[in-house]
Novice: 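Dumping the structure here so I can ask a few things about it.
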Amino acid sequence: MGSVQVCDLKQHVGQPVVLKGWLYNRRGSGKLLFLQFRDGSGIVQCVVSKADVPEAVFETAKRIGIETSLVIHGKASEDKRSSLGVEIHVTDLTVIGESKDYPIQITEDVPNIDKLLDQRHLWVRSRIPHAILRVRSEVVQAIRDFYYNKGFVLFDAPMFTPASCEGTSTLFEVPYFESTAYLSQSGQLYGEAGALAFGKVVVFGPTFRAEKSKTRRHLTEFWMVEPEVAFLELDGVMDLAEEQMRYVISRALERCKEELKVLERNTATLEQISKPFPRVSYDDIQQLLQKLKAEYAASPDAELQKLSKDILKGGLGDDLGAADETAIGMHFQQCVMVHRYPRHVKAFYMKKDPANDKRALCVDVIAPEGVGEIIGGSQREDSLDELLAQIEHHKVPMESINWFVDLRRYGSVPHGGFGMGVERCVQWITGAQHVRETIPFPRTIYRLNP
RNA sequence: UCCGCGGUAGCUCAAUGGUAGAGCAUUCGACUGUUAAUCGACAGGUUGCUGGUUCGAGUCCAGCCCGCGGAGCCA
């Protein structure tokens, strides 16, 4: 008899079944044991009654440690007392691999995340990581389906790159035979080459940032999806970003109901995704923030007063900070697109706004609930002369970027795209406290293990 | 790099400068319907490191190490 997965058990009610998996938890009494049994697809309660099994089987069931791997023979039966609606009445049980003194407890799903991350290789067996990582899996699949269905070509960018794409960020240096390579911090420049070759491409892979960021929103290694489209101008970039966000979030809401329930996620704000995203210019956002700063300062809420102090901290005309993004999210209670930032705070490859040469044709999508920037995109500078000027101004080494400039020498067209951080997206959907919970093995400044 | 917080049992945390404690987990025992089961018992410690003050330091002081949160930068 072949084995059955826990998630399929409802179709086997009244039948004898074989289950393969691990002991998740155990309760019980002298003559009746309740084994919480997991196989990766779900958790089911297996009842071992002393009267129904040989003495040796009962003794084994009583002694085995948490996370012992098992083969269970039993009968699936409907039971309203079980949260799954089904439980197993065990007839036989075989130990495959023993487990003694398992270092993680059921009740440790909540506390010190850093200690648990030391045990990440085991922690991923627990309920909370399970739910979050299943959402991640769905999000990644939704992203792939979205672009595939729209006719985008998957265009992989290299991880080893000759130099910085964006100048300011710190790159990881790695020895590369006789010279030095850098781990990619964005596939976008390569995506532009792809867009001019295929029209619509999407780069999807890991990226690396050596910044010493220590916040709940940062990883040194994270996954980014970066569509890039020829003949797409800023409004089109915003349309694409909005459509993609709506597809991904809706699909997670639709297909990850169980996971979001386990995570006790209130999805009210997520459901706002069906409404159009407000599109607000940087200049209008500055005015709004001034208003919110004054409003929050006068509020009786101490949290808001504190937030008020950090709004527009760099003064007017500066890049938006974390507090600004939090305030914007609180005000709109949905995703907001802020466009046309000052050029001096943005990357060299962004196109100058023809209506105001102090502004760039760029957009950030800011997610609510304190998540902040989740997408950054722009129309790209397609003029050879303007791009060369920007490269010089940002001191980007010409020898490593010359190929990119070629894209403006041989049939340049208006084009644009954006990058979305997969982990931040998953963080928003799941409500995870730290972005490092949204990837199986997070890499941060102080964490390279396990 | 800067600012703030922290490091005590496997985990979460207590402990006026005066014998280092609890809950959970582990181990053992009781219990035929438990949902983080419950109840009883045993066991569990170089209080991050180094030095200092003191009759006496988990506690006070200095330095260091490690981590966390935030800022900056970004997705």
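Everything numeric here is computed off the predicted structure, so don't read it as measured data. A, B, ... follow the sequence lines: proteins, then strands. Residue 1 opens every chain.
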Novice: Over 60° means perpendicular and under 30° means parallel, so classify the ring planes of Tyr282(A) and Tyr341(A), tilted if in between.
Specialist: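 Because their plane-to-plane angle lies in the 30° to 60° range, the rings of Tyr341(A) and Tyr282(A) count as tilted.
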Novice: Would you classify Arg447(A) as touching base, sugar-phosphate or nothing, given that sugar-phosphate means primed atoms plus P, OP1 and OP2, and contacts are heavy atoms under 4.0 Å?
Specialist: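 No contact at all - Arg447(A) keeps every heavy atom at 4.0 Å or more from the nucleic acid.
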Novice: Measure the distance from CG on Leu117(A) to C1' on C68(B) and round it to the nearest whole Å.
Specialist: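 Value for this atom pair: 12 Å.
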Novice: A75(B) C1' sits how many Å from Glu226(A) CD, rounded?
Specialist: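 Between C1' of A75(B) and CD of Glu226(A): 9 Å.
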Novice: Send over the distance from Ile445(A) CD1 to C74(B) C1', rounded to a whole Å.
Specialist: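 Ile445(A) atom CD1 is separated from C74(B) atom C1' by 14 Å.
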Novice: Could you tell me how the ring of Trp223(A) sits relative to the ring of Phe204(A): parallel (under 30°), tilted (30 to 60°) or perpendicular (over 60°)?
Specialist: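 The rings of Trp223(A) and Phe204(A) stand perpendicular, inter-plane angle above 60°.
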Novice: Between the base of G33(B) and the side chain of Glu87(A), is there a donor and acceptor pair under 3.5 angstrom?
Specialist: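 Indeed, a donor on one side and an acceptor on the other fall under 3.5 Å apart.
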Novice: Output yes when Lys346(A) and Asp364(A) qualify as a salt bridge under the 4.0 Å nitrogen-oxygen rule, no when they do not.
Specialist: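 Salt bridge present between Lys346(A) and Asp364(A).
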Novice: Note every stem involving RNA chain B: at least three consecutive Watson-Crick or G-U wobble pairs, i with j then i+1 with j-1, with both distances under 3.5 Å.
Specialist: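 Stem list for RNA chain B: B:1-7 with B:65-71, B:10-13 with B:21-24, B:27-30 with B:38-41, B:48-52 with B:60-64.
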Novice: Pick from His394(A), Gln188(A), Gln390(A): which one makes a side chain to side chain donor-acceptor pair (under 3.5 Å) with Tyr349(A)?
Specialist: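 When side chain to side chain donor-acceptor pair (under 3.5 Å) is applied between Tyr349(A) and each of His394(A), Gln188(A), Gln390(A), only Gln188(A) qualifies.
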Novice: Work out how far the C1' atom of U46(B) is from that of A9(B), and round it to whole angstrom.
Specialist: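 It comes out at 13 Å once rounded to the nearest Å.
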Novice: Nearest 0.5 Å please: distance from the CD atom of Gln244(A) over to the CE atom of Met420(A).
Specialist: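 CE of Met420(A) is found 4.5 Å from CD of Gln244(A).
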Novice: Is the phosphate of A75(B), meaning OP1 or OP2, less than 4.0 Å from a side-chain N or O of Arg216(A)?
Specialist: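 Looking at the OP1 and OP2 atoms of A75(B), neither is under 4.0 Å from any side-chain N or O of Arg216(A).
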Novice: Under 4.0 Å between any heavy atoms, over every strand shown, what does Gly65(A) touch: base, sugar-phosphate, or nothing? Just pick one.
Specialist: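 No contact at all - Gly65(A) keeps every heavy atom at 4.0 Å or more from the nucleic acid.
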Novice: Are A75(B) and Phe222(A) stacked, with the base six-membered ring and the side-chain ring centres under 5.5 Å apart and planes under 30°?
Specialist: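 Ring-base stacking flag set for Phe222(A) and A75(B).
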Novice: I'd like the C1' distance from G67(B) over to G56(B), given in whole Å.
Specialist: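 Per the computed distance, 31 Å lies between those C1' atoms.
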Novice: It should be established whether His434(A) places a side-chain nitrogen or oxygen under 4.0 Å from OP1 or OP2 of nucleotide C68(B).
Specialist: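 False: His434(A) side-chain N/O out of range (4.0 Å or more) of C68(B) OP1/OP2.
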Novice: If you check every side-chain atom of His218(A), which of C73(B), U32(B), G33(B) has the closest atom?
Specialist: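 Minimum distance to the His218(A) side chain belongs to C73(B).
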Novice: Among the nucleotides C28(B), U32(B), C2(B), which one has an atom lying closest to any side-chain atom of Lys214(A)?
Specialist: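 Closest nucleotide to the Lys214(A) side chain: C2(B).
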Novice: Give Asp364(A) one of three labels, base, sugar-phosphate or nothing, depending on what nucleic acid heavy atoms sit under 4.0 Å from its own.
Specialist: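 The answer is nothing, as Asp364(A) stays clear of every strand by at least 4.0 Å.
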Novice: Give the nucleotide from the list A30(B), U32(B), G33(B) with an atom nearest to the side chain of His89(A).
Specialist: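 For His89(A), the side-chain atoms sit closest to G33(B).
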Novice: Base, sugar-phosphate alone, or nothing: which one does Gly28(A) contact when heavy atoms must sit under 4.0 Å apart?
Specialist: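 Base contact.
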Novice: Inspect the contact between Glu242(A) and Lys275(A) and indicate whether a charged nitrogen and a carboxylate oxygen are less than 4.0 angstrom apart.
Specialist: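 Not counted as a salt bridge, because no side-chain N and carboxylate O are separated by less than 4.0 Å.
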Novice: Would you say Lys50(A) has more than 12 foreign heavy atoms packed within less than 6.0 Å of its NZ?
Specialist: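 Counting other residues, nucleotides and ligands, NZ of Lys50(A) exceeds 12 neighbours.
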Novice: State which of U32(B), A71(B), U35(B) makes the closest approach to the side chain of Arg27(A).
Specialist: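 Out of U32(B), A71(B), U35(B), the nucleotide with an atom closest to Arg27(A)'s side chain is U35(B).
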Novice: Using atom CG of Leu33(A) as one end and atom C1' of A37(B) as the other, report the distance to the nearest whole Å.
Specialist: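 Rounding to the nearest Å, CG of Leu33(A) and C1' of A37(B) are 12 Å apart.
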Novice: Could you check whether the side chain of Ser213(A) and the base of C73(B) have a donor-acceptor pair of N or O atoms closer than 3.5 Å, going by distance alone?
Specialist: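 Answer is yes: a donor-acceptor pair is held.
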Novice: Taking A14(B) as the reference, what is the distance to C60(B) when you measure between their P atoms (whole Å, please)?
Specialist: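 The answer is 14 Å between these two P atoms.
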Novice: Is the CD atom of Glu78(A) crowded by more than 12 outside heavy atoms at less than 6.0 Å?
Specialist: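 No, because the 6.0 Å sphere around CD of Glu78(A) holds 12 heavy atoms or fewer from other groups.
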Novice: Between Asp324(A) (CG) and A71(B) (P), how many Å, whole number?
Specialist: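 Rounded to whole Å, this separation is 10 Å.
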Novice: Roughly how many Å apart are U8(B) and C13(B), using the P atom of each and rounding to a whole number?
Specialist: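 These two P atoms come out 9 Å apart once rounded.
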Novice: Choosing from C73(B), G33(B), A30(B), which nucleotide comes nearest the side chain of Gln45(A)?
Specialist: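 So the nucleotide nearest the side chain must be G33(B).
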Novice: Assess whether a salt bridge exists between Asp239(A) and Arg279(A), defined as any Lys/Arg side-chain N lying under 4.0 Å from an Asp/Glu carboxylate O.
Specialist: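 Salt bridge flag = yes for Arg279(A) with Asp239(A).
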Novice: Looking at Arg424(A), I'd like to know whether one of its side-chain N or O atoms comes within less than 4.0 Å of OP1 or OP2 on A75(B).
Specialist: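 The answer is no; no side-chain N or O of Arg424(A) sits under 4.0 Å from OP1 or OP2.
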Novice: On a whole-Å scale, what distance lies between the P atoms belonging to U19(B) and A62(B)?
Specialist: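 U19(B) and A62(B) have their P atoms separated by 25 Å.
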Novice: Measuring only the C1' atom in each nucleotide, how far is A22(B) from C61(B)? A whole number of Å is fine.
Specialist: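 My reading of the C1' atoms in A22(B) and C61(B) gives 31 Å.
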Novice: Would you say U38(B) has OP1 or OP2 under 4.0 Å from some side-chain N or O of Arg26(A)?
Specialist: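 Indeed not, no polar side-chain atom of Arg26(A) lies that close.
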Novice: Between atom CZ in Arg217(A) and atom C1' in C68(B), what is the gap in whole Å?
Specialist: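 Rounded to whole Å, this separation is 15 Å.
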Novice: Of the listed nucleotides (G70(B), C74(B), A71(B)), which one gets closest to any side-chain atom of Ala322(A)?
Specialist: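 Out of G70(B), C74(B), A71(B), the nucleotide with an atom closest to Ala322(A)'s side chain is A71(B).
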Novice: Counting only side-chain nitrogens and oxygens, does Arg209(A) get under 4.0 Å of the OP1 or OP2 atom of G72(B)?
Specialist: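 False: Arg209(A) side-chain N/O out of range (4.0 Å or more) of G72(B) OP1/OP2.
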Novice: Just how far, in rounded Å, is P of G7(B) from CG of Asp118(A)?
Specialist: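 Interatomic distance, CG of Asp118(A) to P of G7(B): 17 Å.
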Novice: Toward the 5' end of RNA chain B, which comes first, Val422(A) or Gly30(A), by nearest nucleotide?
Specialist: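 On the 5' side of the pair lies Gly30(A).
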Novice: Round to a whole Å and report the spacing from NZ of Lys309(A) to P of G70(B).
Specialist: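 Taking atom P of G70(B) as the reference, NZ of Lys309(A) is at 18 Å.
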Novice: Want to settle it: does Ser49(A) or Leu320(A) sit nearer the 5' end of RNA chain B, counting the closest nucleotide to each?
Specialist: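 Of the two residues, Ser49(A) wins.
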Novice: Quote, to the nearest angstrom, the C1' distance that separates A75(B) from G4(B).
Specialist: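 Those two atoms are separated by 26 Å.
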Novice: With respect to the side chain of Asn25(A), which nucleotide from A75(B), A36(B), G72(B) is positioned closest?
Specialist: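 Shortest atom-to-atom distance from the side chain points to A36(B).
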Novice: From the set G70(B), G72(B), U34(B), return the single nucleotide nearest to any side-chain atom of Phe34(A).
Specialist: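 Among the listed nucleotides, the one closest to the side chain of Phe34(A) is U34(B).
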Novice: Expressed as a whole number of Å, how far does the P atom of C24(B) sit from that of G40(B)?
Specialist: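 Pairwise P distance, C24(B) against G40(B), rounds to 9 Å.
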Novice: Are more than 12 heavy atoms from other residues, nucleotides or ligands located less than 6.0 Å from atom CD of Glu98(A)?
Specialist: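 Atom CD in Glu98(A) is not crowded, with 12 or fewer foreign heavy atoms closer than 6.0 Å.
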Novice: For the NE2 atom on His121(A), are there more than 12 heavy atoms of other groups (residues, nucleotides or ligands in this structure) within a distance under 6.0 Å?
Specialist: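 Buried by this count: over 12 neighbours within 6.0 Å.
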